[in-house]
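Right, one structure below, let's go through it.
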Amino acid sequence: EVGILAKSYIDQGRLIPDDIMTRLMLNELKGLDRYNWLLDGFPRTVAQAEALDKECQIDTVIDLDVPFETIKCRLTARWIHPASGRVYNLEFSPPKVQGIDDITGEPLVQRDDDKPETVTKRLQAYDAQTKPVLEYYREKGLLKSFSGTETNKIWPHIYAFLQTKLPDVSQKDAATPR
């Protein structure tokens, strides 16, 4: 029920309200205190950050400083095959035939939240609500920012930084309790 409510906000290009998002996330984090974990895209507001801090100890916050135009181009170029969940990107991972799934030959669709007008709204809302979160974590001494436009150029720096923060675990051991 909460997921359906959350989807209605996403489809309108709006961010999910704090109380709904916080409830969803904190429920998922229960019982993970024995594990190392990484959140992507949460918290997005100071209220969410404060709620998270009450329940969990946050060691590091990573900010990927990517120009909005780059993000908009990537998201609006994303198309999916609904039945399988396969994702294509017209810029760097296109289907063999435009608009058609490589495996089934069925049509690809663009998610409502990847349409240009929705992406623009989402990015504007993100910018207004998330900048204070970055400042919140900067003041706590937890924020590390990485700037760029290409994953393969940013990732090596992020990986090196994470190696200083996380215990040395192989990928197969990553899900093993610490």
Side-chain angles (χ1 to χ4, degrees), residues 3-18 20-21 24-25 28 37-46 48-49 52 58 60-138 142-163 165-166 171 174:
I4 292 168
L5 182 58
K7 185 179 181 332
S8 71
Y9 285 92
I10 292 168
D11 289 346
Q12 296 172 44
R14 297 167 53 201
L15 296 180
I16 300 168
D18 288 336
I20 296 170
M21 193 66 207
L24 285 169
M25 291 303 299
E28 290 297 318
W37 43 265
L38 174 72
L39 299 176
D40 180 5
F42 181 85
R44 290 196 177 169
T45 68
V46 172
Q48 290 175 3
L52 180 63
I58 305 302
T60 300
V61 175
I62 295 174
D63 169 37
L64 300 179
D65 182 18
V66 179
F68 278 1
E69 196 55 40
T70 300
I71 296 168
K72 184 176 178 181
C73 286
R74 285 192 186 169
L75 291 178
T76 58
R78 184 167 59 181
W79 289 75
I80 63 166
H81 177 249
S84 68
R86 273 185 292 283
V87 178
Y88 297 89
N89 187 292
L90 302 180
E91 300 294 321
F92 56 85
S93 180
K96 293 173 186 168
V97 176
Q98 186 172 348
I100 303 295
D101 180 59
D102 289 348
I103 296 172
T104 65
E106 296 171 340
L108 300 176
V109 300
Q110 188 173 43
R111 295 178 357 185
D112 287 339
D113 59 330
D114 286 344
K115 293 182 178 170
E117 59 281 358
T118 306
V119 169
T120 298
K121 282 184 194 176
R122 286 174 58 205
L123 289 173
Q124 289 169 343
Y126 175 86
D127 187 48
Q129 294 184 6
T130 303
K131 280 187 179 178
V133 175
L134 298 177
E135 189 55 37
Y136 174 83
Y137 285 117
R138 184 177 290 113
L142 299 175
L143 184 69
K144 177 72 174 169
S145 290
F146 298 90
S147 298
T149 59
E150 298 176 43
T151 303
N152 62 345
K153 291 183 180 176
I154 297 174
W155 173 244
H157 300 286
I158 297 168
Y159 183 78
F161 173 72
L162 288 175
Q163 291 294 87
K165 296 289 184 178
L166 298 173
Q171 285 201 339

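Everything numeric here is computed off the predicted structure, so don't read it as measured data.
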Checking salt bridge (Lys or Arg N to Asp or Glu O under 4.0 Å) for the pair Glu135/Arg138: CA distance, chi angles, key distance, verdict?
CA-CA 5 Å; Glu135 189 55 37; Arg138 184 177 290 113; 2.8 Å; yes
Do you know the tightest heavy-atom contact between Pro94 and Tyr88?
C-CD2, 3.9 Å
Residues in ring-ring contact (aromatic ring centres under 6.0 Å, His included) with Tyr159, at least two apart?
Trp155
Are Ile20 and Tyr9 close enough that some pair of their side-chain heavy atoms sits under 4.5 Å apart?
yes
Nearest heavy-atom pair of Leu52 and Leu39: which atoms, and what distance?
CD2-CD1, 3.9 Å
Quick one, Ile80 and Asp114 - any side-chain contact, counting heavy atoms below 4.5 Å?
no
Heavy-atom closest contact (Tyr137 atom, Ala49 atom, distance)
OH-CB, 3.4 Å
Using a 4.5 Å cut-off on heavy atoms from C-beta on, say whether the side chain of Thr120 contacts that of Lys72.
yes
In Å and rounded to the nearest 0.5 Å, what is the NZ to CG distance from Lys7 to Asp112?
6.0 Å
Partners passing ring-ring contact (aromatic ring centres under 6.0 Å, His included) against Phe68 (at least two apart in sequence or in another chain)
none
Steps toward side-chain contact (heavy atoms from CB on, under 4.5 Å) verdict (Tyr136, Val61):
CA-CA 10 Å; Tyr136 174 83; Val61 175; over 6 Å; no
Closest contact, heavy atoms only, Pro82 versus Val109:
CG-CG2, 3.5 Å
At what distance, to the nearest 0.5 angstrom, does CZ of Arg86 lie from CD1 of Ile103?
3.5 Å
Atom pair CG/CG of Leu64 and Asp40 - distance to nearest 0.5 Å:
8.0 Å
May I ask you to test the Thr60-Leu142 pair for a side-chain heavy-atom distance under 4.5 Å?
no
Using the test ring-ring contact (aromatic ring centres under 6.0 Å, His included), find all partners of Phe161 that sit at least two apart in sequence or belong to another chain.
Phe146
Test item: Gln48 side-chain N/O and Arg44 main-chain N/O as donor-acceptor pair under 3.5 Å:
yes
Output yes when a side-chain donor or acceptor of Asp101 lies under 3.5 Å from a complementary backbone atom of Glu106, and no otherwise.
no
State the CZ-CG distance between Arg78 and Leu75, to the nearest 0.5 angstrom.
5.0 Å
Give the minimum heavy-atom separation between Thr76 and Pro116, together with the two atoms involved.
CG2-CA, 3.6 Å
Quick check: are there more than 12 heavy atoms from other residues, nucleotides or ligands sitting under 6.0 Å from CD of Gln98?
no
Determine whether a donor-acceptor pair (N or O, by modelled atom type, separation under 3.5 Å) exists between the side chain of Glu91 and the backbone of Arg74.
no
Using 0.5 Å steps for rounding, measure from the CG atom of Leu108 to the CD1 atom of Ile100.
6.5 Å
Do you know the tightest heavy-atom contact between Pro67 and Gly148?
CD-O, 3.6 Å
Supply the atom-to-atom distance Lys121 NZ to Asp113 CG, rounded to the nearest 0.5 angstrom.
12.5 Å
